[in-house]
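Below is one structure, written out as structure tokens; comments come after it.
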Amino acid sequence: MAIRNLLITLLLLFTSFSTALGHEVGNLGHYPVVVSTWPFVEAVRAAWRAIDSGFSAVDAVVEGCSACEELRCDGTVGPGGSPDENGETTLDALVMNGATMEVGAVAAMRYVKDGIKAARLVMQHTGHTLLVGEQASAFAISMGLPGPTNLSSSESVQKWSKWKENRCQPNFWKNIVPVDSCGPYHPKDIAELGKGTCSSANLMAAVESRSSHIGLHNHDTISMAVIDKNLIFDCRVGDGPIAGSSSYADDEVGACGATGDGDIMMRFLPCYQVVESMRLGMEPKLAAQDAIKRIARKFPDFVGAVFAINKNGLHAGACHGWTFQYSVRSPEMEDVEVFTVFP
């Protein structure tokens, strides 16, 4: 069962740019450009309207992510999205300033529906990077965000009820008994663990068993980045509020956003890898492909994707296990355009 809510990556760029995934888009010399994971065109439009109205880069990126939370993009982003195994929806979010390298994030936040706004408040008003659970909720409410409120919806309750009726399958437990019920779960006995539960064959079996949990409509991811002239802002809402995993930005280089099986991907910090590869001279497409290949070598059945954009506006994507789409809006476009990336 998918846990928490979806990730979208939105990138707003305020520098000149020339190509996208090999498609020529012109030598513009003006800005901005907005890039978002998945065809979440309303999120891109919201960010575009904000920046066109004179909002700051960070405010525009928050407006874009907030739109996806409110619209519940793909049925899983924001309040009312994918429930946890107790039937409750909680929120994760991250925002990053690529100029100052400041990060604000919340995880497993209950009772507050504005995940990305809470993350921005963490960045603006604390010296912390990440607040979790009840403390994140208390902080967000104390800073003026509405709450406490029930984050469940009729759809999320129905999804959880059907999962319970199916004996809580699929789930993310492993090496436990019983394997085909809703628990309570217990570790397998010590003797069985000593007989090779940690063998590479069993580890691969565990990976294969989880690959069916992540799909186009339950990847639980949304992230966003903004580059305003020499400033880059990046944000993500989803199951991985970990800087470098879900998103990363550095105004000297560019930015990256990720989507997919966050539990696997956060072990590799793919967006940090992408940005550092671009720092060393890799083009965005090669940097994105390299980061995805590093994960696939260890977990060949994982599903995920990243997009990369450098400070000059060249952007590209790479994916594994599914076909990935991301959305772009720039000054010469009449509306948002969707780009498709194949495995």
Side-chain angles (χ1 to χ4, degrees), residues 5-14 17 19-26 28 31-53 55 57-82 93 95 114-117 155 215-228 233-238 246-247 255-260 284 288 304-309 313 315-319 322-342:
N5 53 326
L6 187 73
L7 166 74
I8 160 182
T9 302
L10 183 65
L11 186 68
L12 243 123
L13 194 68
F14 289 76
F17 54 92
T19 61
L21 281 176
H23 301 281
E24 187 72 28
V25 296
L28 301 182
Y31 41 80
V33 57
V34 181
V35 185
S36 163
T37 54
W38 305 112
F40 296 154
V41 296
E42 292 303 325
V44 176
R45 287 169 179 160
W48 186 267
R49 285 193 300 268
I51 206 67
D52 196 45
S53 299
F55 281 50
V58 68
D59 288 338
V61 85
V62 169
E63 286 295 308
C65 276
S66 291
C68 227
E69 288 182 312
E70 293 170 7
L71 293 168
R72 207 185 306 158
C73 290
D74 242 2
T76 59
V77 179
S82 295
V95 62
D114 299 303
I116 193 60
K117 291 179 181 178
E155 293 85 358
L216 291 177
H217 301 294
N218 70 342
H219 44 91
D220 289 1
T221 48
I222 166 171
S223 80
M224 184 177 298
V226 177
I227 303 179
D228 185 354
F233 292 89
D234 200 19
C235 86
R236 168 187 171 115
V237 177
S246 57
S247 56
C256 166
T259 182
V306 299
F307 79 71
I309 183 164
H315 56 92
C319 59
W322 58 10
T323 297
F324 170 56
Q325 291 182 306
Y326 70 93
S327 307
V328 179
R329 175 70 200 271
S330 58
E332 84 284 2
M333 297 176 181
E334 294 185 2
D335 198 1
V336 180
E337 296 183 10
V338 177
F339 292 83
T340 300
V341 182
F342 298 97

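FYI, side chains are in, hydrogens and waters are out, and symmetry mates aren't considered; it's all heavy atoms of this structure. What you are looking at is a predicted structure, and each value in this text was computed from that prediction instead of being measured.
Remark: Glu155 engages Arg72, Ser153 in a side chain to side chain donor-acceptor pair (under 3.5 Å) (not counting sequence neighbours). Gln325 meets the side chain to side chain donor-acceptor pair (under 3.5 Å) test with Thr340; sequence neighbours excluded. Scored by the side-chain contact (heavy atoms from CB on, under 4.5 Å) test, Ala67 finds Ala46 as partners (sequence neighbours excluded).
Here Phe40 contributes atom CZ and Cys73 contributes atom SG; the two are 5.0 Å apart, rounded to the nearest 0.5 Å. To the nearest 0.5 angstrom, Cys65 atom SG is 11.5 Å from Glu70 atom CD.
Taking both residues in full, the closest heavy atoms of Ala288 and Gly317 are given as CB-C, 4.2 Å, listed atom of the first, atom of the second, then distance. The two residues Trp38 and Ser327 make their nearest non-hydrogen contact at O-OG, 2.8 Å. Contact record, Ala305 with Phe324: CB-CG, 3.4 Å, taken as the closest heavy-atom pair. Leu71 and Glu42 make their closest contact through CD1-CB, 3.5 Å (heavy atoms, listed as atom of the first residue, atom of the second, distance). When all heavy atoms of Ala316 and Pro284 are compared, the closest pair comes out as CB-C, 4.0 Å.
Proximity of a side-chain donor or acceptor of Trp48 to a complementary backbone N or O of Arg329 within less than 3.5 Å is not detected. Formation of a donor-acceptor pair under 3.5 Å by the Arg45 side chain with backbone atoms of Arg49 is not found in this model.
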Val328/His315 under side-chain contact (heavy atoms from CB on, under 4.5 Å): CA gap, chis, key distance, verdict: CA-CA 10 Å; Val328 179; His315 56 92; 3.6 Å; yes
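Contact of the Phe307 side chain with the Val341 side chain is not registered, since no non-hydrogen atoms from C-beta on lie closer than 4.5 Å. Ser66 places a side-chain heavy atom less than 4.5 Å from the side chain of Lys117.
Note on ring orientation: taking the six-membered ring where Trp is involved, the planes of Phe339 and Tyr326 are parallel (angle under 30°, cut-offs 30° and 60°).
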